[in-house]
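Working notes for the structure below.
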Amino acid sequence: WIIEVSICGSFYKNYSFPYLPMLIKMEGVLNDNGGNMVFTGNHLRPKHNVTGTFGNKTIECFKTNSSKSITCTIPSRKNYGSLGYDIPVTITIDGEYKSNTIKISYDLPLIQSVSQRGNSQIFDVTGVYFSGVKNMTVITGKNLKTDITLKKTATLEEPGFFIESNNTIFIFLPNNTQPGFMNLVVGDGGSETFTSPRYNFKITPTIAAGQTFNSTTSGKILEIKGIFMRTVDSDGRDVPLTVNSGSGGLVCNSLKDGDGLSFTCVLGPGFGSSHTMNVYYNLKPIGSFAVSYNPPYLSTIEQEKDGTIKIIGKDLGESVKDSIITVIYSDGNTVNGTVIEGRHDSLTFKYPVGNRNNASYIFQLGDQKSNKAGPFTLKPIIENTDPAVPCGGGVVTINGHYFFKYTKDTTAITIGKVPCNISSINETTIECVIVPNLRSLSPYYTSGTKPLVISSSNPGTEKVYQLTPAGLNYKFAPPTITNTSAIDQTALITIYGTSFGDANLEILINDKPCTQPEINIHTYSSLTCNVTNYDEMKIYNYSNTKFNISISVDGQYFIADIFQFKYESGIIYSENKSTGFPNEMYLGFVVFVIFIALISFAAKNQIEKYFEERKSRKAFRSLDNLRLKLRQKHATEIAKHYTFGEQSAPKPDKSTFYDIRKKLSRLPLIRRCFKEHTD
């Protein structure tokens, strides 16, 4: 509407005022046959005419003398041709003014809520227009439907439904019904029927009481029985079910739908007895059952190379902190070992410290104990893997376990065919010494890998062999070269390194032998030898050249090419022609004076040394007599360590000029006059 305002005969302003028709509701009940229905509202009086719409159809309406109501003709549900719920209705006045939209329905049954009575099979259904219901349909499985028939009495003990009022129905569902949808079917007594819209509802599974299960410690598939035991609804969606033991930490996952009277779940690993497993629906407990794991069982016992004990069995679990291994000795005394690894079919533990190697075992996991396994006798084990033995002799440490009955006096050790004399022994460690003089065992006592054998003369002991797979036997360390000294003017060089053994020892310098090697027998880490190509090296000034040095001990080689030889160069004299007799005479006189002075000095020292040597030899003879007596007394023990040939030491040169020649031979000028000799 438009309102115009004039003041004192003059136009002032106009106002637009909306005054449109409004529908509020339909009076009465719309049955299947349709008819004239009264709609109430505001501004419903037309000037000329009024029309309406009902869903997708145009309907006829009549004007009244009131602006609060209007009457329209609604077609029958059959003529309407569509579902009879929530049909939109509008009216238009004078072809111009359109009302709002309201929704109306035929008087057909409609489910508005479904609720389960506790955990029973009875459900309460509320809604409208239930008086004409003839049949009900429920979902019993995916793509499966079950028709529920009408009962005449309110007592339901089998599937069926009873109409309590126009707004209430209670229904007894089959015990395998799946949460999903419910429909109502009505009819007019003839051929006309109507199916109401489906209503989605949920069912809480009910767990049968008193169920118990046994399982291995690795877990098991359990079949849980009850009613409405569905894990998915009619649309294939998971039902919110969980199964666990609460604070106990056990779970049963991977729920799988069955026939509606049971479902399965996979029980996780665990141990112990009488665990209560709770079933939750939407996090609310709906039932429970009991689970007990099988007690542990021990079958066979093995020794590991690291000294631990491994027991094979069943249902041994995986929880180290809840495991106890009890060692039972023959006299009944017990002590606990230390479990370090647990599996369902085996367990590994450390044997307790002690000196008993025969015992039985009982394993406890949680509140369950195993059978008694054994008795089992432990065998000594050598644990060293690929150890190196000093090539030149020395201390060898043998690590292992259970050397209970092996003592120093009754035990013998060999590495290959080399004896190793025991210096100390305890339950886990043996130390022995390889003697340095091994020439009698050549050739090639250090080549390749050598098995270690421990034997004892004590009753009840047996030979112990180092593990035999390739790479696990003992190996003698090859020699190495780390450095060299300068070559002195007597052609001696000192070579430093490791494992300088005296069996089949050979040193080459640029493929030339370095002769008369002498080894430091205290450390076997250095030796001296004579360089045979010394003169050649000196002439060609090889001090800045790298040379190959190779050393071989009983067939094991080491080659080094990183050393530069240094040597003390002698004084080199140039040969100039004589400028006259007086100069040559002068030179000869000087040499003669020096020679006489040296002889006088050497003679004086020789006389003093003679008297000192007499005193030393007298003391040495006394010491040598004592040494011979001790050697004779301990001949048997010494023979174990050393082999003596028939060689004798060379007698010392007792000539008057012995020391003089030795000193003069080291002077560069006089050296030309004497042939090089070896002391």
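For clarity, every value in this text was computed on a predicted model and none was experimentally measured. Heavy atoms only: backbone and side chains are in, while hydrogens, waters and symmetry mates are out.
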If you take the centroid of each ring, where Trp contributes its six-membered ring, are [Y] and [X] closer together than 6.0 Å?
X: Tyr351; Y: Tyr402; result: yes
X: Phe289; Y: Phe213; result: yes
X: Tyr297; Y: Phe363; result: no

With side chains defined as the heavy atoms from C-beta onward, is the minimum distance between [X] and [Y] less than 4.5 Å?
X: Asp345; Y: Ile312; result: no
X: Thr397; Y: Asn399; result: yes
X: Glu506; Y: Leu508; result: yes
X: Leu378; Y: His401; result: no
X: Ile413; Y: Ile398; result: yes

d(Ile559 CD1, Ser550 OG) to nearest 0.5 Å is 5.5 Å
Distance-minimising heavy-atom pair for [X] and [Y]:
X: Leu365; Y: Asp315; result: CD2-O, 4.2 Å
X: Thr216; Y: Tyr293; result: O-CD2, 3.0 Å
X: Asn358; Y: Tyr329; result: O-CD2, 3.7 Å
X: Phe271; Y: Asp322; result: CZ-OD2, 3.3 Å
X: Glu318; Y: His344; result: CD-NE2, 3.2 Å
X: Thr480; Y: Phe500; result: O-CE2, 3.2 Å

With a cut-off of 6.0 Å (strictly less than), are more than 12 heavy atoms of other residues, nucleotides or ligands near CG of Asp511?
no
State, without any angle test, whether Thr326 and Asn336 hold a side-chain donor-acceptor pair at a distance under 3.5 Å. yes
